[in-house]
Every structure is written in structure tokens, then in C-alpha cells.
Participant: 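Have a look at this one before I ask anything.
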Amino acid sequence: MVPIEIKLALPRELRQVLRCCLAGPDRNAVELERRVGAFLEYAQAMSFDLSRQWWCRRENRAVSACLCIESPGRTAMLLLPEGVDEEAQRRLIEYVAEQESVRDIRLLQALIDVRDAPNRCALQRADFLEIAVLNYLELNTTNPPNLTVSSRPGTLGQNALTVVHYETDLHSEFAEIIKATYEDSLDCPRLSELRDIEDVVESHKGAGRFKPHRWLLLRYEGRPAACILLTENPIRPVLELVYMGVHPHFRRRSLGRYVLGCGINLACRERFQAVTLAVDSKNRPACRLYERVGFRQTHRRRALIRRL
């Protein structure tokens, strides 16, 4: 077998690495350059470190590449090309995981096309665990179809509900409600066991441009009952719903619908064009709620993770 060589790519080779990683069977050269440009614009706006990029070569010919992007919460995302040799890809992924393990990275993630069998096999052979097939959804908030979601749940009493925004003094309360909502959650349940709650909070903050007033905590008679966390896309007039959850004691009382309405109304007030989110395709109650409100699917991805 021809030996595989893995080397750190040079800074000037970043666009070449991105062309390799972002290429696809249905993308022509013009579309590929557009995607590379959009990625670089987003990375610059988010201050991503793009220095950790590798080439995988056979006989001095590039057969694969990988870009590893660190994010808050001691996590990192692998950007991988489609349609490459599975064995070379596995070797490259394992090498990168070994490099990241000596840093303070606790969780590696990869999002791949649901039809990408070679990458799925390569990642699983490199000890990645598949946690979900994610549906990516978007709601047009310039003319939203079903914004009656903000009506108060009658079963809990009209005056018992209050909404507060994130601030430093409430950090522990937000962390506690996020952790509590993981109990019996249907949304990526395997993921909740793998991260410290403080890392979770930091990763949610780092999912976009964070502003405290866009993180909402719903209390019932003073007790934390639900939360919705939104961050701003730095290059589009869009808010991303990075997390929403309801405490187990308050489920099946329309609180999810109510707190979702609070988030959508915030997006409308601030004149964002859309709200986006990703939901576990097996989380049927959440999928039905989003569909009823008017979210529409844009694409799907398979999510895999490896704990270092």
C-alpha cells in the first residue's frame, strides 16, 4: 500500500484547503468560490482561528484535507471533504484527534451530509459516536405565518409567569435550567452526558454573536421553568435558536410553545429576517411544534462527536 503522509498546511494554503473541504458533487466552480468566500467572511466575523489545517497526501498528491475550528466550551469542529478515500480519511481524522487531545479540547464534532457514507464510516472507525440526524429549519420573520404562539398557557395561571434576561448574577440559574431540561430530553440525548454544564453554556454563547437580552428564562411562581437562547448570525440578519428547553416538571403545558413565541417576537421586534435552528429529527414533539409555527426545512446533517 502506498504510504499516507499527513502534514500541517501552510497559512497561504487556506483557500486550497477550503476548496477541498467545501467541494461537492453538485457544486460547480462558481458556487464553490461563493461558499469559500462566505465561509471566510463568517470566520472573520466570528474571529475563528483557521491555522489548524492539514493535508493528507499519497505520492505527493493531496487525497484529503481537514480544517479544525475551535469554539468556546472546549469544543472543536472538523471540516471534512466529501467523496474521498475512506482509509485515508480515517487516518487523517485520527491524526487530527491526537493533535487536538494534547490541547484543552474536550469534544470534537463533525457535521456531514446525510448521504456521505465514506465520511460516516471513517468517523465511526475513528471512535466518533453518531448522536443525531439534524433537521435545519428556518422561519421567515418578515411575514411570519403563525405568531399566535405567545398566548399564555392557561393551565399555569395568567400572572404566575415571568420572563427574565440573562445577566451575570443569573448565570447559575441559567446553567441550572439548561442542565435540568436535559432530563429525558429527546434532542440529542447522548450529547448531554458528555459535557460539563459550564462548557455547554460557553459553547451556546459562542454559537454566534451573544447579547444577554436574547437569552430568556421563563419562571413560574419564581421557579425556573423553561429557557430559550438566541444568538445573532454575524453576516446575515438572522437569529439562531441555539437551545430551547422546558423543565421536566412543567412539560406538556404549552410552555415550549410559549417560550418559543417569546423568542420569535424578540426577533420580530429587532427586525431580523429569520430565525434558524437545528433539531434532532427523532425529536418528534419539537419537530411538530416548529412545523406548526411555520418553520421550514432547509437541509439535513448527520452529527458525530468524539470525547477526547
Participant: Does the side chain of R219 come within less than 4.5 Å of L217's, by heavy atoms?
Facilitator: yes
Participant: Compare every heavy atom of T75 with every heavy atom of I105, then report the nearest pair and how far apart it is.
Facilitator: CD1-O, 3.9 Å
Participant: Thinking salt bridges, do E33 and R15 make one under a 4.0 Å N-O criterion?
Facilitator: yes
Participant: Distance-only, no hydrogens or angles: does the R251 side chain make a donor-acceptor pair with backbone N or O of V246 under 3.5 Å?
Facilitator: yes
Participant: For side chain to side chain contact (heavy atoms under 4.5 Å, CB included), just list the numbers for L80 and L123, CA-CA rounded to whole Å, side-chain angles, deciding distance to a tenth of an Å, and then say yes or no.
Facilitator: CA-CA 10 Å; L80 301 165; L123 285 160; 4.0 Å; yes
Participant: Would you please test L216 and H165 for side chain to side chain contact (heavy atoms under 4.5 Å, CB included) and show each step?
Facilitator: CA-CA 5 Å; L216 310 179; H165 304 275; 3.0 Å; yes
Participant: So that I can tick it off, tell me whether E100 and R103 are bridged by a salt bridge, with the cut-off set at under 4.0 angstrom between side-chain N and carboxylate O.
Facilitator: yes
Participant: Quick one: are E198 and R74 in side-chain contact, heavy atoms under 4.5 Å?
Facilitator: no
Participant: Hey, does the side chain of E13 reach the backbone of L10 with a donor-acceptor pair shorter than 3.5 angstrom?
Facilitator: yes
Participant: So if you build clusters from Ile, Leu, Val, Met, Phe, Trp, Tyr with side-chain heavy-atom gaps below 4.5 Å, do W54 and L308 land together?
Facilitator: yes
Participant: Please walk me through it: do R236 and T276 pass side-chain hydrogen bond (donor to acceptor under 3.5 Å, both in side chains)?
Facilitator: CA-CA 11 Å; R236 292 179 60 204; T276 63; 6.0 Å; no
Participant: Determine yes or no for a side-chain-to-main-chain donor-acceptor pair under 3.5 angstrom, with S281 supplying the side chain and V133 the backbone.
Facilitator: yes
Participant: Taking the basic N atoms (NZ, or NE/NH1/NH2) and the acidic carboxylate oxygens, is any pair closer than 4.0 Å for R125 and E94?
Facilitator: no
Participant: To check you understand the geometry: which heavy-atom pair defines the closest contact between S51 and L8, and what is its length?
Facilitator: O-CD1, 4.3 Å
Participant: Take K179 and E176, measure what salt bridge (Lys or Arg N to Asp or Glu O under 4.0 Å) needs, and give me the verdict at the end.
Facilitator: CA-CA 5 Å; K179 187 174 182 178; E176 286 168 10; over 6 Å; no
Participant: Among R300, H299, E291, K282, find the one that has a side-chain hydrogen bond (donor to acceptor under 3.5 Å, both in side chains) with N135.
Facilitator: R300
Participant: Quick check: does any side chain N or O of R57 sit under 3.5 Å from a backbone N or O of K7, one acting as donor and the other as acceptor?
Facilitator: no
Participant: Quick one: pull up OG1 in T162 and CD in E221 and give me the separation to the nearest 0.5 Å.
Facilitator: 10.0 Å
Participant: Give the C-alpha distance, both sets of side-chain angles, the deciding distance and a yes or no for side chain to side chain contact (heavy atoms under 4.5 Å, CB included) between L229 and F174.
Facilitator: CA-CA 10 Å; L229 317 178; F174 271 81; 4.2 Å; yes
Participant: How about I93 and L108: do any of their side-chain heavy atoms sit closer than 4.5 Å?
Facilitator: no
Participant: So, do Y243 and V200 sit near enough that their side-chain heavy atoms are less than 4.5 Å apart?
Facilitator: no
Participant: Closest heavy-atom contact between E183 and P248?
Facilitator: CB-CG, 3.7 Å
Participant: Using 0.5 Å steps for rounding, measure from the CG atom of L260 to the OG atom of S254.
Facilitator: 12.0 Å
Participant: Quick check: closest heavy atoms across P81 and D116, and the distance to 0.1 Å?
Facilitator: O-OD2, 4.5 Å
Participant: Quick one: are N119 and F128 in side-chain contact, heavy atoms under 4.5 Å?
Facilitator: no
Participant: Counting C-beta onward and ignoring hydrogens, is there a side-chain heavy-atom pair between Y220 and L255 closer than 4.5 Å?
Facilitator: no
Participant: Checking S71 side chain against A76 main chain: does a donor-acceptor pair fall under 3.5 Å?
Facilitator: no
Participant: Which heavy atom in C68 sits nearest to a heavy atom in V96, and how many Å separate them?
Facilitator: CB-CG1, 4.3 Å
Participant: Got more than 12 heavy atoms from elsewhere within 6.0 Å of CD, Q44?
Facilitator: no
Participant: Students often mix this up, so state it plainly: with edges at 30° and 60°, are the rings of F250 and H247 parallel, tilted or perpendicular?
Facilitator: perpendicular
Participant: Is L18 reachable from I235 through a run of hydrophobic residues whose side-chain heavy atoms are each under 4.5 Å from the next?
Facilitator: yes
Participant: If I take atom CZ from residue R35 and atom CG from residue L40, how far apart are they, to the nearest 0.5 angstrom?
Facilitator: 12.5 Å
Participant: Between R52 and E70, is there a side-chain N and carboxylate O pair less than 4.0 Å apart?
Facilitator: yes
Participant: Under the 3.5 angstrom rule, does the side chain of T141 hit a backbone N or O of F272 as a donor-acceptor pair?
Facilitator: yes
Participant: Between L134 and A303, what is the shortest heavy-atom contact and its length?
Facilitator: CD1-CB, 4.0 Å
Participant: Between R106 and E202, does any NZ, NE, NH1 or NH2 come within less than 4.0 Å of an OD or OE carboxylate oxygen?
Facilitator: no
Participant: Taking atom CG of D127 and atom CZ of R90, what is their separation to the nearest 0.5 Å?
Facilitator: 10.0 Å
Participant: Hey, does N233 have a side-chain heavy atom less than 4.5 Å from the side chain of E240?
Facilitator: no
Participant: Find the distance between CG (L239) and CD (Q273) and round it off to the nearest 0.5 Å.
Facilitator: 11.5 Å
Participant: With rounding to the nearest 0.5 angstrom, report the SG to CG distance, C66 to L92.
Facilitator: 5.0 Å
Participant: Taking the side chain as C-beta and beyond, is there a heavy-atom pair between L67 and F48 under 4.5 Å?
Facilitator: no
Participant: Is there a continuous path of hydrophobic side-chain contacts, each under 4.5 Å between heavy atoms, that joins I228 to V238?
Facilitator: no
Participant: Can any side-chain N or O of R58 pair as donor or acceptor with the backbone N or O of I4 at less than 3.5 Å?
Facilitator: no
Participant: Could you list the residues that satisfy ring-ring contact (aromatic ring centres under 6.0 Å, His included) with F210, not counting sequence neighbours?
Facilitator: Y166, W215
Participant: Any salt bridge between R34 and E31, counting N to O under 4.0 Å?
Facilitator: yes
Participant: Is there a side chain to side chain contact (heavy atoms under 4.5 Å, CB included) between V84 and V63 once you walk through the steps?
Facilitator: CA-CA 7 Å; V84 299; V63 294; over 6 Å; no
Participant: Test of understanding: clusters of I, L, V, M, F, W, Y form through side-chain heavy atoms closer than 4.5 Å, transitively. Do L78 and V36 belong to the same one?
Facilitator: no
Participant: Could you see if M46 belongs to whatever hydrophobic cluster contains M77? Use Ile, Leu, Val, Met, Phe, Trp, Tyr and a side-chain cutoff under 4.5 Å.
Facilitator: no
